[in-house]
Visitor: 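Structure incoming, see below.
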Amino acid sequence: MFKLNETDKKWVDEIWSRIDAKLEYVAPLNKDKIPYITVDGVYNNMAEDDITWWTNGFWPGLMWLMYVGTKKEIYREAAERAEELLDGAFSEYERLHHDVGFMWLLSSGVNYRLFGGKKSKNRLSLAADILSGRYNPDGRYIRAWNEDKVGWVIIDCMMNINLLYRASEIYDDPRFRKTAMHHADTVMRTHIRPDGSANHIVDLDPDTGEAVEAFGGQGYGLGSSWSRGQAWALYGYILSYIHTGKAEYLDTAKRCANYFIANVCDDWLPRADFRSPAEPVIYDSTAGACAACGLLEIARNVPEHESGMYLNAAMELLKAMEREFCDWSREEQGILLMGTEAYHSRPERKHIAIIYGTYFFTEAIYKLKGFDMLFW
Ligand code: GLY
């Protein structure tokens, strides 16, 4: 349990009630869909648009957060329906990628841990096999994407490898965990810079695992600092620490977190890139929500005299974003607005409600409420 003062405790209770009230209304409207973004306030449906899309686990994950927190059946039904729809992605094997972690950990992974069903276990196992099949044993990394990108490794994968830690637990077989740790070790060397910032994409030599070339990816440009990538790094490394106990991962998570805290503006509203021109101001709320989740886990895993700074930073981010970016009305189905796909995205993909923004915002409040089942 986090040590919150009375005002913060009240705030958390109030926000949790608002999330529940809103999702109790939104969930049934979307029960045969897999939402990604809202258009004119209404969620789209990736089950129709692209079943292999990397974010397709976040809607069932959001529904499971609410089920665990409230035990309301509407949430379980929506989560299980989305998990069934996701089966269509297995028939698109050639289009699948390293994001099978995001897709099946938050859907089948949670379902299996809650209810132990065989179908969920099968789905989770298939996804873990697909992810570990992408491992390059000489380079000691998991490749991100397909086609000719044999050496491309992206920071986001630090979240996907949690699927492998969970598979090791389920099968009592260390090979999945070893694969994940090799990848995390490589990325510490190739992606995390000495100041705690992270490269988004690095092309690695498939024979040696040495960095060949870095790319700006979804950030402003080469050498810049895409804020969601910083959040993937800090949350990813604290999760690797939680799953393995390896001290270097905790140190890396702290370094990335310290960098994030030092670079988020005074108003605690994260820009899409921490090293971009001052104008135009492009926000990315998803970075703040994901970072808040990681900061809370760091706060839980450092000695008491250190944890206050991380807890405080998470609270500042969440409160600022709630004040400026949350929509509690029924005219808009998303909760957290102002997410940005990428710094250079077309205008209609900036400052929008993205499912993983609402997912991570809810996950952070769920943690602060004291629900301790870790989904990753
Ligand atoms: N994993 C892709 C992104 O963060 O946009």
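Just so you know, these numbers come straight off a predicted model, no measurement behind them. Atoms within each ligand, like the ligands themselves, are counted from 1 in listed order.
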Visitor: With ring pair (Phe, Tyr, Trp, His ring centres under 6.0 Å) as the test, pick out the partner of Phe102 among Trp232, Trp59, Phe375, Phe360.
Guide: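 Answer after filtering Trp232, Trp59, Phe375, Phe360: Trp232.
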Visitor: As a test of understanding, state which of Met181, Arg166, His183 forms a side-chain contact (heavy atoms from CB on, under 4.5 Å) with Ile161.
Guide: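 Exactly one option meets the side-chain contact (heavy atoms from CB on, under 4.5 Å) with Ile161, and it is His183.
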Visitor: Decide whether Gln333 and Asn30 meet the rule of one side-chain donor and one side-chain acceptor closer than 3.5 Å.
Guide: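 Yes - a donor-acceptor pair under 3.5 Å links their side chains.
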Visitor: Of all the heavy-atom pairs spanning Phe215 and Asp203, show the shortest one and how long it is.
Guide: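 Heavy-atom minimum between the residues: CE1-CB, 3.9 Å.
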Visitor: When you pair each N or O of ligand 1 with protein N or O atoms, which pairs come out under 3.5 Å?
Guide:
| unit_1 | atom_1 | unit_2 | atom_2 | d |
| --- | --- | --- | --- | --- |
| ligand 1 | 1 (N) | Asp156 | OD2 | 2.6 |
| ligand 1 | 4 (O) | Asp156 | OD2 | 3.4 |
| ligand 1 | 4 (O) | Arg228 | NE | 2.9 |
| ligand 1 | 4 (O) | Arg228 | NH2 | 3.3 |
| ligand 1 | 4 (O) | Trp232 | NE1 | 3.1 |
| ligand 1 | 5 (O) | Gln218 | NE2 | 2.8 |
| ligand 1 | 5 (O) | Arg228 | NH2 | 2.5 |

Visitor: For residues Glu322 and Lys319, determine if any side-chain heavy atom of one lies less than 4.5 Å from a side-chain heavy atom of the other.
Guide: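 A side-chain contact under 4.5 Å is absent here.
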Visitor: For the residue pair Tyr67 / Glu80, report whether a side-chain donor-acceptor contact shorter than 3.5 Å exists.
Guide: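 Checked: Glu80/Tyr67 side chains show no N/O donor-acceptor pair below 3.5 Å.
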